[in-house]
Amino acid sequence: MHIYDSVQKTKLPFEPIRKGEASIYVCGPTVYDNAHLGHARSSLAFDLLSRTLKAFGYKVTMGKNFTDIDDKIIKKVEETGLSMEEVTSYYIARYIEEMAVLGVERADIEPKATESLQAIENMIQTLIDKDTAYVISTGDVYFDTSKDAHYGEISHQVGDDDDNQSRVTHTSEKRNPKDFALWKACKGEEDICFETAFSSGRPGWHIECSAMIEKHFTGDGHYSIDIHGGGADLLFPHHENEAAQSRCATGHELSKYWMHNGFVQINGEKMSKSLGNSFFLGDALKIYDGEILRYYLNCVHYRNDFNFSEEELQTAKKRLDKLYRLKKRVSPGKGSMPNKTFKQALLDAMGDDLNISIALAVIDEMVANSNDALDDNPKDKALKKRDFGKHYIYRYIAWIWGERTVLLFSDRCR
RNA sequence: GGAGCCAUCGCCAAGUUGGUAAGGCCGUAGAUUGCAAAUCUGCUAUUCACCAGUUCGAGUCUGGUUGGCUCCUCCA
C-alpha cells in the first residue's frame with residue numbers, strides 16, 4: 001500500500017505507527033449550512049481510503065470532527081433566532097444522512113468542538129505555560145509562530161514577513177504577523193462564551209482538531225495519528241497551524257502522513273460558498289441515485305480537481321449500468337472468493353495511492369470478458385439455474401458488492 | 001507580490017524508477033436478435049500545450065514560453 005504524502009510531496013509506502021492498524025483523522029464540516037458536492041468528494045475520498053486500507057487488512061480507526069462553534073454558526077443563530085445547538089444538530093443530522101446515501105461509512109469517532117472544550121482549554125493552557133502562546137489585552141490568545149522552529153514545514157509556506165503582501169490583516173498586539181488565534185474572547189454579552197482560566201470566549205478553528213486528536217488518539221510517542229486528511233484548501237493555514245500547536249504542546253508530531261483531496265469545480269472554478277456556485281449534495285440526491293453520485297465523484301483520482309458536469313455524470317451512470325446488467329445475467333448465490341488475478345489487480349490499483357482509474361479499467365475488462373463468456377453458451381440454462389452461484393463471474397460480482405472492500409460500491413447501494 | 005498544482009484522442013481519464021500511449025463515453029463498420037434492447041468483434045492519438053536541451057531513446061528528466069486552477073481571508 002502506497003499513499004501520497006502532501007507534505008513530502010511524494011508517494012510513500014504506508015507504514016503505520018502500530019502494526020496492522022491505521023488511524024485516520026479527517027477535517028469534517030463546519031455545520032452552518034447544507035453539505036455541497038465538495039464535502040461529498042472529500043468524504044468519499046477518505047471513505048475510499050478507509051475501505052482500501054481495510055481491504056489490505058488494516059484495522060482502521062477513522063475520526064471526523066464537526067466544527068460546531070464558529071463565526072458563521074453564530075451568524076446563522078442570529079439570523080434564524082434558533083439556538084446554536086438547534087442549528088448545529090440539524091446540519092449534523094443532514095450531513096450524516098446524506099453521506100449515508102452516498103454509502104460513506106460513519107467515522108468511529110465523531111467529536112464536536114463543543115464536547116472537546118476541556119481538551120482545548122488544556123492544550124491552550126499548556127501552550128501559554130510554555131510561552132508558546134500569549135494572551136493579549138482583549139483576552140484573545142495567540143499562538144506564537146516564532147517559537148516553533150518547524151513552522152512552515154507542512155505547507156512549505158516561507159515566511160517573508162518583511163515585505164509581506166499577504167492579505168492577512170495584522171493585529172497590532174500580535175508578536176508576529178503569522179500568529180493565529182487559539183482562543184477568541186467574547187466581545188458582547190450576547191456572544192456565545194465559555195469560561196476558561198485565560199478568558200471567557202470560544203476556541204479558534206485550528207485548535208479544536210489538535211485537541212480532539214490528542215483526546216481521542218493515543219499515538220506512539222512520535223506521532224499522534226497515521227494519516228491526517230482534508231481538502232487541499234486546508235493545507236495552509238489550517239493544517240500548518242494544527243501541526244505547530246500539537247508539536248509545541250505535546251513534543252511530538254501530529255501526523256505521520258498528510259493527504260489532501262482536490263476540489264470539485266464548476267466550469268473550471270472551485271465550488272465554494274463565496275463564489276456562489278455551490279451545488280448542494282441534497283439537491284443532487286433529489287435527482288441522482290446515491291450510488292451513481294458516489295461512482296461519479298470517485299471516478300477521478302482524489303488528488304485531482306474534479307470538474308462537475310451533468311453530462312459526465314450520465315456517462316458515469318452508463319458505465320455503472322454495464323456492471324448492473326452483468327449482475328443481472330448471473331443468478332444470485334453465495335459468493336466465494338473471486339478469481340485471484342482479478343482481486344489482486346484491483347488491490348494493486350487501489351494500493352497505489354487509490355488509483356481508481358486503473359481499478360475501474362480492471363472492472364470494465366472483467367465485465368467485457370464475463371459477457372463474452374456468457375455469450376459463448378447462452379443456452380446453458382441448466383448451468384444458470386442450478387449452479388450459477390459458483391460461476392467465477394458470480395464470484396467477481398459478489399466480491400464487488402459483498403465484502404465492502406471494494407470501494408466504489410457499498411452494501412447500501414445495490 | 002509570494003507559494004504551489006495542472007496542460008495526454010471530440011469529451012472524461014490512466015500512464016513510480018525515461019524504452020516507444022490503459023480504460024470509459026461518443027462516433028463508425030460488422031456479428032447476433034422477428035424488430036428493438038442488451039451483448040460481442042473491428043476501426044477510432046506516429047502522438048502527449050509550445051520551444052530548446054540532456055539521452056541510443058522523453059508524455060515521462062532540465063530550462064524557458066503560453067494557457068488554466070489553487071493557496072497566502074472562511075473554506076472539503
Side-chain angles (χ1 to χ4, degrees), chain A residues 2 4 6 9-13 26-30 32-33 35-46 64 67 70-73 75 95 152 155-169 177-178 180 205 229-240 260-265 267-275 278 281 295-297 299-307 309 311-322 324-326 328-329 349 352-353 355-376 378:
Chain A
H2 283 69
Y4 182 89
S6 31
K9 298 189 181 188
T10 182
K11 229 180 260 184
L12 261 23
V26 184
C27 290
T30 301
Y32 70 101
D33 203 349
H36 61 210
L37 258 20
H39 294 105
R41 170 125 137 115
S42 181
S43 205
L44 246 13
F46 290 100
K64 180 151 79 176
T67 298
D70 176 84
D71 289 353
K72 284 181 180 144
I73 295 171
K75 197 178 165 215
Y95 180 91
S155 62
H156 309 289
Q157 294 274 341
V158 273
D160 285 1
D161 288 337
D162 322 333
D163 56 341
N164 191 303
Q165 295 275 337
S166 91
R167 288 170 280 172
V168 189
T169 43
K178 283 196 189 299
F180 54 90
W205 176 39
D233 47 358
L234 301 184
L235 187 51
F236 188 87
H238 187 52
H239 290 164
E240 186 71 62
H260 294 89
N261 65 274
F263 303 124
V264 175
Q265 303 185 320
N267 298 323
E269 279 191 322
K270 179 186 175 185
M271 178 185 288
S272 74
K273 291 281 167 49
S274 40
L275 287 171
S278 299
L281 178 55
Y295 186 95
Y296 175 54
L297 290 172
C299 72
V300 173
H301 186 87
Y302 78 93
R303 269 190 282 127
N304 290 160
D305 284 340
F306 182 106
N307 197 241
S309 95
E311 205 177 316
E312 286 303 321
L313 200 159
Q314 291 302 332
T315 296
K317 181 181 183 305
K318 283 180 192 167
R319 199 174 180 181
L320 183 58
D321 282 345
K322 276 184 113 166
Y324 275 98
R325 279 190 223 103
L326 173 64
K328 265 190 165 169
R329 294 187 78 178
D352 182 19
D353 191 39
N355 192 327
I356 198 71
S357 294
I358 300 286
L360 289 180
V362 168
I363 290 174
D364 282 332
E365 266 169 51
M366 180 279 285
V367 171
N369 291 338
S370 298
N371 275 318
D372 205 8
L374 287 167
D375 281 355
D376 282 347

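Quick caveat, the model's predicted, so the values are computed rather than measured. Sequence lines set the chain letters: A, B, ... in the order given, protein chains first and strands last, and positions in each chain run from 1. Scope of the values below: all heavy atoms of this structure, side chains included, with no hydrogens, waters or symmetry mates.
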> Between B:A22 and B:U46, how far apart are the two P atoms, rounded to whole Å?
13 Å

> Assign A:Lys270 to base, sugar-phosphate, or nothing according to its heavy-atom contacts below 4.0 angstrom with the strands shown.
base

> Would you call A:Asp352 and A:Lys11 a salt bridge, taking side-chain N to carboxylate O under 4.0 Å as the test?
yes

> Considering only the C1' atoms, how many Å lie between B:G18 and B:U60, rounded to the nearest integer?
6 Å

> Identify, between A:Lys11 and A:Ser42, the residue whose nearest nucleotide on RNA chain B lies closer to the 5' end.
A:Lys11

> Establish, yes or no, whether the cationic atom of A:Arg303 lies under 6.0 Å from the six-membered ring centre of A:Tyr4 and within 45° of the ring axis.
yes

> For a quick check of understanding: with a heavy-atom distance under 4.0 Å over all strands, which category does A:Gly229 fall into, base, sugar-phosphate or nothing?
nothing

> Check the distance between B:U39's P and A:Asn371's CG and give it to me in whole angstrom.
6 Å

> Please report, rounded to the nearest Å, how far the P atom of B:A13 is from the CD1 atom of A:Ile363.
19 Å

> Measuring only the C1' atom in each nucleotide, how far is B:C11 from B:A52? A whole number of Å is fine.
32 Å

> What interatomic distance, in whole Å, is found between P of B:C74 and the corresponding atom of B:U55?
50 Å

> For A:Tyr302 and A:Asp353, run side-chain hydrogen bond (donor to acceptor under 3.5 Å, both in side chains): C-alpha distance rounded to whole Å, both residues' side-chain angles, the deciding distance at 0.1 Å, then the answer.
CA-CA 9 Å; A:Tyr302 78 93; A:Asp353 191 39; 2.6 Å; yes

> Specify the separation, in whole Å, of atom CZ of A:Arg325 and atom C1' of B:U39.
9 Å

> Any side-chain heavy atom of A:Asp321 sitting closer than 4.5 Å to one from A:Lys317?
yes

> Work out how far the C1' atom of B:U65 is from that of B:C25, and round it to whole angstrom.
34 Å

> Both distances under 3.5 Å, Watson-Crick or G-U wobble: report the partner of B:A22, or none.
none

> Counting the atoms with a prime plus P, OP1 and OP2 as sugar-phosphate, which does A:Asp233 contact under 4.0 Å by heavy atoms, base, sugar-phosphate, or nothing?
base

> Measuring from atom CE of A:Met366 to atom CG of A:Asn371, what distance do you get when rounded to the nearest 0.5 angstrom?
9.5 Å

> With the side chain of A:Leu234 defined as its heavy atoms from C-beta on, choose the nearest nucleotide among B:A76, B:U70, B:A13.
B:A76

> Look through every strand shown and name the nucleotide pairing with B:C71 as Watson-Crick or G-U wobble, where both distances are under 3.5 Å.
B:G2

> Look through every strand shown and name the nucleotide pairing with B:A7 as Watson-Crick or G-U wobble, where both distances are under 3.5 Å.
B:U66

> Return the set of residues passing side chain to side chain contact (heavy atoms under 4.5 Å, CB included) with A:Asp305 (not counting sequence neighbours), or none when no residue passes.
A:Phe263, A:Gln265

> Sugar-phosphate atoms are those with a prime plus P, OP1 and OP2; base atoms are the rest. Using that split, label each nucleotide of nucleotides 19-33 of chain B B, S or - for protein heavy atoms under 4.0 Å, 5' to 3'.
---BSSSS-------

> Find the distance A:His36:NE2 to B:C74:P and express it as a whole number of Å.
16 Å

> Which residue lies toward the 5' end of RNA chain B, A:Ser155 or A:Ser272, if each is placed at its nearest nucleotide?
A:Ser155

> Within this structure, what is the CZ-to-C1' distance between A:Phe180 and B:C74, rounded to whole angstrom?
16 Å

> Rounding to an integer number of Å, can you tell me how far A:Leu326 CG sits from B:U39 C1'?
11 Å

> Just wondering, do A:Lys273 and A:Tyr32 contact through their side chains at under 4.5 Å, heavy atoms?
yes

> Which of parallel (below 30°), tilted (30 to 60°) and perpendicular (above 60°) describes A:His39 and A:Tyr95?
perpendicular

> Reckon A:Gly231 touches a base, only the sugar-phosphate, or nothing at all at heavy-atom distances under 4.0 Å?
sugar-phosphate

> Mind checking whether A:Phe306 and A:Tyr296 have ring centres under 6.0 Å apart?
yes

> NA contact type, A:His301, heavy-atom cut-off 4.0 Å: base, sugar-phosphate, or nothing?
sugar-phosphate

> For the pair made of CG in A:Asn307 and P in B:A7, what is the distance, rounded to whole Å?
14 Å

> Using atom P of each nucleotide, how far apart are B:U47 and B:G59 to the nearest Å?
11 Å

> Mind checking the P distance from B:U62 to B:G19? Whole angstroms is fine.
15 Å

> In the structure I gave you, are the side-chain heavy atoms of A:Asp364 and A:Lys322 within less than 4.5 Å of one another anywhere?
no

> Base, sugar-phosphate, or nothing for A:Asn355, non-hydrogen atoms under 4.0 angstrom?
sugar-phosphate

> Searching all strands shown, indicate the nucleotide that pairs with B:C61 (Watson-Crick or G-U wobble; both distances under 3.5 Å).
B:G53

> With a 3.5 Å limit on both atom pairs, tell me what B:U39 is paired to, counting Watson-Crick and G-U wobble, or say none.
B:A31

> What interatomic distance, in whole Å, is found between P of B:A45 and the corresponding atom of B:G23?
13 Å

> Rounding to a whole Å, what distance do you find between A:Tyr4:OH and B:U17:C1'?
16 Å

> Report yes if a side-chain nitrogen or oxygen of A:Arg303 is closer than 4.0 Å to either non-bridging phosphate oxygen (OP1 or OP2) of B:C5; otherwise report no.
no

> Which part of the nucleic acid, if any, lies within contact of A:Gln265, taking any heavy atom under 4.0 Å across all strands shown: a base, the sugar-phosphate backbone alone, or nothing?
sugar-phosphate

